[in-house]
Amino acid sequence: MDNIISWTAEDEAIIGTNTDATECKRCAVELGYWKDDYIKYFVKHVDRKAPEINRGYYARVRAMEMFINQFLERCGTKCQIINLGCGFDTLFWRLKDTTQAVGNFIELDFPAVTAKKSHIIKRNKQLMQKIANEDSEVVIHEGDLHSDGYHLVGCDLRCLGEVRRKLAAASCSRDAPTLLLAECVLVYLRPDAADALLRHFAAEFPRCALVVYEQCNLGDKFGEVMVRNLSARGCSLAGWRGCGPPAATAARLRALGFAAARSWDMQAVWRALPEDDRARAEALEMLDERELLLQLNTHYALSVATCGDIFADIDLNA
Ligand SMILES: C[S@@+](CC[C@H](N)C(=O)[O-])C[C@H]1O[C@@H](n2cnc3c(N)ncnc32)[C@H](O)[C@@H]1O
């Protein structure tokens, strides 16, 4: 039986973080940091963001992509991707434009977010045509969208029973190689709820890899200010205590049942990107706030964990 978790004003603020992320991504895309032909359907107009924010989003998207590509190279496309707290992420459509479209792509978020995403997909031919094909129909029911190979389902990640039911309805298979994505999501869950969710995946999916991007080092002075500022805007980070130094995050993931795990702060990730990519991004905008960017980079981390033989050697440059 799931714990009953009542809906709060804080949940509204957490849902609002998706709007922030989508706007920031669209701004960086318009400035040329990376290519995304689909983000424009999910947010109409954006104000220009500060260069360190754009640079941070570029590093975030590039870092996630680095391991998504590694996973697909190793496992092939007969696999599934489960995007936890997907927001308006466009990865499904971006992969469809490559040779790497996967067998089953499942997205989960609060029903308020998934219903809105379903609605946007339905309204836009360019999004819809990547989902629909001649042999299968697209079914949208109570905000959930199901099609052959793409499922967008609403649930609360804090309720494991609900997550399991929604995954089953999305034709999730425990035997397929599985890539779990958690981009800026787990920090909104209390550590016990995030632990229960991750422990479930580590126990039930024998061949899976998890890629997490979120805050780290929140226990130091700069981290405390980040937590306080967000809380003052009505958005408390229920999971902030789980966002310690990267080494502690890797140890936590191993303790939850993953066979191997590693974690790096974003300064390390940035340094590991190819020289050309960094130079291109650095040339896009003048950056005055170098110190602020360094602080931000050392307060976000990329963590990767694996069960089975998917990432025998987890490394940034593998
Ligand atoms: C900062 S946004 C990130 C969205 C997307 N992953 C990205 O990086 O663009 C956080 C997302 O996590 C979702 N989320 C947070 N807590 C959740 C929960 N308990 N259940 C379902 N979704 C949740 C929010 O609704 C929001 O869409």
Side-chain angles (χ1 to χ4, degrees), residues 10 13-25 27-28 31 33 47-64 66-67 85 87 181-195 198 210-253 261-273 277-278 281-282 284-305 316:
E10 261 169 24
I14 291 170
I15 286 170
T17 64
N18 172 49
T19 310
D20 275 355
T22 313
E23 288 182 0
C24 290
K25 286 182 176 179
C27 173
L31 290 167
Y33 279 89
D47 295 328
R48 191 168 177 144
K49 312 288 174 196
E52 57 280 6
I53 302 295
N54 298 326
R55 189 88 66 85
Y57 267 88
Y58 171 65
R60 162 175 169 174
V61 170
R62 253 326 247 112
M64 296 291 296
M66 185 173 2
F67 280 98
L181 303 175
E183 186 181 334
C184 266
V185 175
L186 299 176
V187 69
Y188 299 109
L189 275 57
R190 280 179 28 184
D192 55 342
D195 284 358
L198 297 183
L210 165 74
V211 184
V212 180
Y213 173 90
E214 69 188 7
Q215 290 87 339
C216 65
N217 293 322
L218 289 184
D220 70 13
K221 279 267 164 294
F222 187 86
E224 276 176 25
V225 174
M226 282 169 77
V227 174
R228 251 203 326 270
N229 285 349
L230 277 165
S231 175
R233 285 162 47 195
C235 186
S236 69
L237 300 180
W240 74 270
R241 282 179 201 283
C243 299
T249 299
R252 175 182 170 200
L253 293 171
R262 290 192 69 184
S263 182
W264 307 265
D265 73 24
M266 289 306 288
Q267 194 59 17
V269 173
W270 183 255
R271 280 196 302 262
L273 292 181
D277 288 2
R278 277 184 288 148
E282 282 168 1
L284 288 172
E285 288 181 285
M286 280 275 292
L287 189 78
D288 294 329
E289 302 273 6
R290 289 198 170 274
E291 185 53 31
L292 176 58
L293 181 63
L294 180 66
Q295 289 282 20
L296 288 171
N297 277 348
T298 50
H299 286 83
Y300 280 90
L302 184 76
S303 309
V304 181
L316 289 170

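Any value given below was found using the heavy atoms of this structure, including those in side chains, with hydrogens, waters and symmetry copies removed. The structure displayed is predicted, hence computed values, not measured ones.
- Ser303 and Ser263 get closest at one heavy-atom pair: OG-OG, 2.8 Å.
- Residue Glu183 comes nearest to Val185 through the heavy atom pair O-CG2, 3.2 Å, listed as atom of the first residue, atom of the second, then distance.
- Side chains of Tyr213 and Leu181 form no contact here, defined as non-hydrogen atoms less than 4.5 Å apart.
- Taking CD1 of Ile53 as the reference point, atom CG of Leu296 lies at 6.0 Å (rounded to 0.5 Å).
- Using cut-offs of 30° and 60° for the angle between ring planes, the His299 and Phe222 rings count as tilted.
- Of all the heavy atoms in Asp47 and Cys27, the pair that sits closest is O-SG, 4.1 Å.
- In this structure, Ile15 CD1 and Asp20 CG are separated by 13.0 Å, a value rounded to the nearest 0.5 Å.
- Glu285 has no carboxylate O lying under 4.0 Å from a charged side-chain N of Arg55, or vice versa, which leaves the two without a salt bridge.
- The side chain to side chain donor-acceptor pair (under 3.5 Å) test applied to Asp265 returns no partner, not counting sequence neighbours.
- Proximity of Arg60 to Leu302: side-chain heavy atoms (C-beta onward) are nowhere separated by under 4.5 Å.
- Between Leu31 atom CG and Lys49 atom NZ the span is 11.0 Å, to the nearest 0.5 Å.
- Distance check: Asn18 CG to Glu23 CD gives 10.0 Å after rounding to the nearest 0.5 Å.
- At least one side-chain heavy atom of Leu198 sits under 4.5 Å from a side-chain heavy atom of Leu186.
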Residues Val187, Leu237; criterion side-chain contact (heavy atoms from CB on, under 4.5 Å); working and verdict: CA-CA 6 Å; Val187 69; Leu237 300 180; 4.0 Å; yes
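- For Glu282, the side chain to side chain donor-acceptor pair (under 3.5 Å) partners two or more places apart in sequence, or in a different chain, are Trp270.
- Environment of CZ in Arg190: sparse, with no more than 12 heavy atoms of neighbouring residues, nucleotides or ligands closer than 6.0 Å.
- Here the side chains of Asp277 and Tyr58 are in contact, with some heavy-atom distance below 4.5 Å.
- Atom CD of Gln215 and atom SG of Cys243 lie 5.5 Å apart (nearest 0.5 Å).
- For the pair Gly242 and Arg252, the tightest heavy-atom approach, listed with the atom from each and the gap, is O-NH1, 3.3 Å.
- Atom CG of Leu230 is separated from atom CD1 of Ile14 by 10.5 Å, given to the nearest 0.5 angstrom.
- The backbone N or O of Leu273 lies less than 3.5 Å from no partner atom in the side chain of Arg62, so there is not a single donor-acceptor pair.
- When all heavy atoms of Glu52 and Leu293 are compared, the pair lying nearest together is O-CD1, 3.8 Å.
- Taking 4.5 Å as the limit, every side-chain heavy atom of Arg271 sits out of range of all side-chain heavy atoms of Trp264.
- Considering Val211, Val61, Leu316 in turn, Leu316 is the only one that fulfils the side chain to side chain contact (heavy atoms under 4.5 Å, CB included) rule with Met66.
- In this structure, the side chains of Thr17 and Cys184 stay at 4.5 Å or more apart for every pair of heavy atoms.
- What you find for Leu218 and Trp240 is that their closest heavy atoms are CD1-CB, 3.7 Å.
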